[in-house]
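Below: the structure, in structure tokens.
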Amino acid sequence: MFDPSLIKNDFPIFQRHINGKPIVYLDSTASSLKPQVVIDANNTYYKEYPVNIFRGLYKLSEEATTAYELAREKVSQFIGSDSPNSIIFVRNATEAINLVAYSWGRINIGESDEIISTVMEHHANIVPWQQLSLESGAVIKYIDIDEDGLLNIDNLEKSITPHTKLVVLTYVSNVLGTINPVKEIVKRIKMKNSKIKVLIDAAQAVPHLSINIKDLGCDFLAFSGHKMLGPTGIGVLWAKYDLLDAMVPFQFGGEMIKEVYLDHSEFKKPPHKFEAGTPHIAGVIGLGAAVDYLSVLGMDKVRAHEKELTSYAISNLSHLSNLTIYGPKDPEKRGGVIAFNMKGLHPHDIAQILDEDNICIRSGHHCAMPLHTRLG
């Protein structure tokens, strides 16, 4: 059974009290808390086989290598990937997006080519493309939202021209909570031009929704471990293998090489081509434990619980006459994040007052300044 009170016991942070009061954590959009099994997985690595991977023939190294690659297989299965070789471990979703901008974008996007994005994107899915545009002369188009925080998909489709090379899109907005109909959007894009590549920022989706990458039909998918109960400093890029195989390495050095000569080097095949140097081994193993934990909970149950909480919160907050909620009101169309303003009160003051009761919320621009500007 999905029993929130029992699940809460899995998180040791809730044993802590500050000034005699329990912690009420409402900032999972920024970073999720960690269950004991993830902490244990990290500690087991450091206590029992805290050595490097791939490089050693001794048993400790073999154990570490096995645990590392097993985590890759777990992540692959969790998102419905055909092959673990399409899973690249990076620091976070930000690095995953930058990897695509560097290794695919700089080769395939040139002057007058078009990148289509939206006004609801996190900075991590805006700034890399701005920089690529400055370097290449490409053009970025932004799709607007309506007053309910929903994208106009017809406008997105109409924005596609023969110059369009890439569409970048968040699956779930970290401010509005809007769940974009990614499968439908990708299908419509590919029907118009099958050569257009689609990158999905799934940092707010993978921890909350059941994801099947084959069903979505996108070309690139990025997400972070720390938002899905895993350690900080670990993230994932999934990409179609033929794209990864054709892309240039993001970084150069140890482990990503096949052969090195004084005048040239030959590189390994993906995924290792994109994992130069010693990776965050403990983080990867901890992410594998987080995937196990979420799999046991069942993502359908996680989503059902989230909808119940969201409905409850919106219903009760809506009774406050001086409070404005942003994003869709229908819990079917949004995730669990609820952004709001209170008339006459500064967001930082609200956050500070709530902190006196150990209620943890986020205030500010939420790494989405263009969206906040759009919302006024």
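Along the sequence shown, residues carry numbers from 1.
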Within a radius of less than 6.0 Å around NZ of Lys214, do more than 12 heavy atoms belonging to other residues, nucleotides or ligands occur? yes

Run the salt bridge (charged side-chain N to carboxylate O under 4.0 Å, His left out) test on Asp154 and Arg188 for me, step by step, so that the C-alpha distance in whole Å, both residues' side-chain angles and the decisive distance to 0.1 Å come before the verdict. CA-CA 9 Å; Asp154 290 336; Arg188 290 172 68 167; 2.5 Å; yes

Between His272 and Phe267 (judged by ring centroids, cut-off 6.0 Å), do the two rings come close enough to count as a pair? no

Quick check: do Tyr293 and Ile7 have side-chain heavy atoms less than 4.5 Å from each other? yes

Evaluate Glu69 against Arg72 for salt bridge (charged side-chain N to carboxylate O under 4.0 Å, His left out), listing each step before the verdict. CA-CA 5 Å; Glu69 289 301 329; Arg72 196 191 306 275; 2.8 Å; yes

Taking all heavy atoms of Val182 and all of Ile200, pick out the closest pair and write down the distance. CG1-CD1, 3.7 Å

Inspect the contact between Glu184 and Lys187 and indicate whether a charged nitrogen and a carboxylate oxygen are less than 4.0 angstrom apart. no

Geometric cation-pi criterion, Lys301 with Phe2: 6.0 Å, 45°: no

Residue pair Arg362, Cys367: steps toward the side chain to side chain contact (heavy atoms under 4.5 Å, CB included) verdict: CA-CA 11 Å; Arg362 184 174 178 182; Cys367 295; 3.5 Å; yes

Smallest heavy-atom separation, Ser159 atom then Thr164 atom, equals O-OG1, 4.1 Å

Quick one: does any side-chain atom of His366 pair with a main-chain N or O of Ala368 as donor and acceptor, under 3.5 Å? no

Sub-3.5 Å donor-acceptor pair from the side chain of Arg91 to the main-chain atoms of Gly235, do we have one? no

Is the ring centre of Tyr102 less than 6.0 Å from the ring centre of Phe250? yes

State whether the side chain of Ser136 and the backbone N or O of Leu132 hold a donor-acceptor pair below 3.5 Å, judged by distance alone. yes

Are Lys269 and Tyr241 side-chain neighbours, meaning at least one heavy-atom pair lies under 4.5 Å? yes

Would you say Tyr58 and Val51 make side-chain contact, with heavy atoms under 4.5 Å? yes

Identify the two heavy atoms, one from Met228 and one from Ala290, that lie closest to each other, and give their separation to 0.1 Å. O-CB, 3.5 Å

Kindly compute the distance separating NE2 (His163) from CD1 (Ile109), expressed to the nearest 0.5 Å. 14.0 Å

Stepwise side chain to side chain donor-acceptor pair (under 3.5 Å) test for Asn341 and Thr324: CA-CA 5 Å; Asn341 263 316; Thr324 301; over 6 Å; no

dist Ile53:CD1 -> Ile285:CD1 (nearest 0.5 Å) comes out at 8.0 Å

Measure up the His264 and Tyr261 rings against each other and bin them: parallel (under 30°), tilted (30 to 60°), perpendicular (over 60°). parallel

So which atom in Ala222 and which in Ile97 form the shortest heavy-atom distance, rounded to 0.1 Å? CB-CG1, 4.0 Å

Aromatic ring centroids of Phe89 and Tyr68 under 6.0 Å? yes

Any link between Val75 and Leu297 through a network of hydrophobic side chains (Ile, Leu, Val, Met, Phe, Trp, Tyr) touching at under 4.5 Å? yes

Short N-O contact, Glu356 and Lys21, less than 4.0 angstrom: no

Can you confirm whether Phe14 is buried at CZ, in the sense that more than 12 heavy atoms of other residues, nucleotides or ligands lie under 6.0 Å from that atom? yes

A quick test of your reading: do over 12 heavy atoms of other residues, nucleotides or ligands sit less than 6.0 Å from CE of Met342? yes

Salt bridge Glu332-Lys307, side-chain N to carboxylate O under 4.0 Å: yes

Give the C-alpha distance, both sets of side-chain angles, the deciding distance and a yes or no for salt bridge (charged side-chain N to carboxylate O under 4.0 Å, His left out) between Glu62 and Lys59. CA-CA 5 Å; Glu62 290 178 352; Lys59 184 170 179 56; 5.9 Å; no

Ser295 side-chain N/O to Val291 backbone N/O, donor-acceptor pair under 3.5 Å: yes

What closest approach, in Å, do His208 and Arg303 show between heavy atoms, and which atom pair accounts for it? O-CB, 3.5 Å

Common cluster, Ile179/Ile153, ILVMFWY with side-chain heavy-atom separation under 4.5 Å: yes

If Ile, Leu, Val, Met, Phe, Trp and Tyr residues are connected whenever their side-chain heavy atoms lie under 4.5 Å apart, and connections chain through other members, are Ile143 and Ile160 in the same group? yes

Measure from the side-chain N and O atoms of Gln36 to the backbone N and O of Pro12, and report whether any donor-acceptor pair falls under 3.5 Å. no

As a quick check of understanding, evaluate side chain to side chain donor-acceptor pair (under 3.5 Å) for Asn358 and Tyr25, giving each step before the final call. CA-CA 8 Å; Asn358 298 334; Tyr25 188 75; over 6 Å; no

In terms of heavy-atom contacts, Asp3 and Ser5 come closest through OD1-OG, 2.6 Å

Please determine whether a side-chain nitrogen of the Lys or Arg among Glu147 and Arg374 lies less than 4.0 Å from a carboxylate oxygen of the Asp or Glu. yes

Looking at OG of Ser173 and OH of Tyr326, how far apart are the two atoms once the value is rounded to the nearest 0.5 Å? 13.0 Å

Should Ser103 and Phe274 be marked as a side chain to side chain contact (heavy atoms under 4.5 Å, CB included) after you check the CA-CA gap, both sets of side-chain angles, and the distance that decides it? CA-CA 10 Å; Ser103 298; Phe274 299 100; 4.1 Å; yes

Working to the nearest 0.5 angstrom, can you tell me the gap between Ile79 CD1 and Leu209 CG? 13.5 Å

Does the distance from a Lys or Arg side-chain N to an Asp or Glu carboxylate O, for Lys165 and Glu114, drop under 4.0 Å? no

Below 4.5 Å, heavy atoms only, C-beta onward: do Leu229 and Phe11 meet side chain to side chain? yes

Note: Asp219-Lys195 ion pair, threshold 4.0 Å (strictly below): no

Pairwise distance CG(Leu26) to CD1(Ile359) - rounded to 0.5 angstrom: 7.0 Å

Is the NZ atom of Lys333 crowded by more than 12 outside heavy atoms at less than 6.0 Å? no

Stepwise side chain to side chain contact (heavy atoms under 4.5 Å, CB included) check, Asn52 with Ile281: CA-CA 8 Å; Asn52 220 320; Ile281 303 169; 3.9 Å; yes

Walk me through whether Glu275 and Ile88 qualify under side chain to side chain contact (heavy atoms under 4.5 Å, CB included). CA-CA 7 Å; Glu275 296 178 7; Ile88 311 298; 4.3 Å; yes

Do Val175 and Ile325 belong together in a cluster built from hydrophobic side chains that touch within less than 4.5 Å? no

One thing to verify: whether Asp148 and Lys329 come together as a salt bridge, which I'm taking to mean a side-chain N less than 4.0 angstrom from a carboxylate O. no

If you draw a 6.0 Å radius around CD in Gln352, do more than 12 non-hydrogen atoms from other residues or ligands fall strictly inside? no

Any link between Leu150 and Ile338 through a network of hydrophobic side chains (Ile, Leu, Val, Met, Phe, Trp, Tyr) touching at under 4.5 Å? no

Give a yes-or-no answer on whether the side chains of Glu121 and Thr118 include a donor-acceptor pair shorter than 3.5 Å. yes

Could you tell me whether Asn322 atom CG has more than 12 heavy atoms of other residues or ligands within 6.0 Å of it? yes

Please report the interatomic distance NZ(Lys34) to NE2(His226), rounded to the nearest 0.5 Å. 7.0 Å

